[in-house]
Amino acid sequence: MFNRKLVAVVAIGGAFIIPQLATASGLAQEPRSILQEHHIASVRPYKIEEHIGKLTSHRIQGAEVYVEAEPGLTAEWLRLKLARHLDAMRSSAPMPDCPLDVADVRVEVASAGAGFTVKVIAADSAHADEVLRRARLLLE
């Protein structure tokens, strides 16, 4: 009887302690981006048109991430969540795979069918390629 109780206590204790040890030792993998909390359906380049005289050219300015709808998730809530995350990232450790952790990005969120389009827009073309590269990592 005592052995059964001892085994039960050890098993329950282990169930609570092992995840804590994994997190403390760095074995638990941290998310690469807050966007990974949601289901990402697609990522594509965000392009803008530039008009120089009669010529029109397209330039990549960042990434468009399509987030599928979830119960209770609205464009306003997602926008607020991303804005808070951007503010918090200024004082936290860098996230090398997060498209939001590139210098001088801004985020636009809009409803799009059965989900939301999140545009991560870089300040210049050099950073735009990095935003797109990191955004594509969200699909892996």
A.B. asks: Report the distance from atom CD1 of Ile40 to atom CD of Glu140, rounding to the nearest 0.5 Å.
C.D. replies: 13.0 Å
A.B. asks: Would a hydrophobic clustering, with Ile, Leu, Val, Met, Phe, Trp and Tyr connected at side-chain separations under 4.5 Å, put Trp77 with Val120?
C.D. replies: yes
A.B. asks: Under 4.5 Å between side-chain heavy atoms, hopping through other hydrophobics if needed: is there a path connecting Val109 to Ile48?
C.D. replies: no
A.B. asks: Would you say Ile60 ends up clustered with Ile52 if hydrophobic residues are merged whenever their side chains have heavy atoms under 4.5 Å apart, either directly or through other cluster members?
C.D. replies: no
A.B. asks: Do you reckon Leu82 sits in the same ILVMFWY cluster as Tyr46, going by side-chain contacts under 4.5 Å, direct or chained?
C.D. replies: no
A.B. asks: Where do Ser33 and Leu138 come nearest, in terms of heavy atoms and distance?
C.D. replies: CB-CD2, 3.7 Å
A.B. asks: Say whether Glu70 and His39, considering side chains only, have a donor N or O and an acceptor N or O under 3.5 Å apart.
C.D. replies: no
A.B. asks: Measuring from atom NE2 of His58 to atom CD of Glu49, what distance do you get when rounded to the nearest 0.5 angstrom?
C.D. replies: 4.5 Å
A.B. asks: Check Val102 against Pro99 and note the closest heavy-atom contact, atom names and distance.
C.D. replies: CG2-O, 3.7 Å
A.B. asks: Of all the heavy-atom pairs spanning Ala69 and Phe116, show the shortest one and how long it is.
C.D. replies: CA-CE1, 4.1 Å
A.B. asks: Is the count of non-hydrogen atoms from other residues, nucleotides or ligands lying under 6.0 Å from Asp104 atom CG greater than 12?
C.D. replies: no
A.B. asks: Check Val65, Val118, Leu137, Leu35 against Val43 for a side-chain contact (heavy atoms from CB on, under 4.5 Å) and give me the one that passes.
C.D. replies: Val65
A.B. asks: Are more than 12 heavy atoms, taken from residues, nucleotides or ligands other than Arg84, located less than 6.0 Å from that residue's CZ atom?
C.D. replies: no
A.B. asks: For residues Ile34 and Met95, determine if any side-chain heavy atom of one lies less than 4.5 Å from a side-chain heavy atom of the other.
C.D. replies: no
A.B. asks: Where the side chain of Arg134 meets the backbone of Asp101, is there a donor-acceptor pair that is under 3.5 Å apart?
C.D. replies: yes
A.B. asks: Taking side chain as C-beta onward, heavy atoms only, is His85 less than 4.5 Å from Glu37?
C.D. replies: no
A.B. asks: Considering all heavy atoms of both residues, which atom of Tyr66 and which atom of Gly115 are nearest to each other, and what is their separation?
C.D. replies: OH-N, 3.1 Å
A.B. asks: Rounded to the nearest 0.5 Å, what's the gap from NZ on Lys47 to OG on Ser57? Could you check?
C.D. replies: 11.5 Å
A.B. asks: Between Ala103 and His127, which heavy-atom pair has the shortest distance, and what is it?
C.D. replies: CB-NE2, 4.0 Å
A.B. asks: With a 4.5 Å cut-off on side-chain heavy atoms, are Glu108 and Ile121 touching?
C.D. replies: yes
A.B. asks: Assigning hydrophobic clusters by single linkage (Ile, Leu, Val, Met, Phe, Trp, Tyr; side-chain heavy-atom cutoff under 4.5 Å), is Leu73 placed with Val107?
C.D. replies: yes
A.B. asks: Say whether, by atom type as modelled, one donor and one acceptor occur between the side chain of Gln61 and the main chain of Ala122 under 3.5 angstrom.
C.D. replies: yes
A.B. asks: If you count the non-hydrogen atoms of other residues, nucleotides and ligands that lie under 6.0 Å from CZ in Arg44, is the total more than 12?
C.D. replies: no
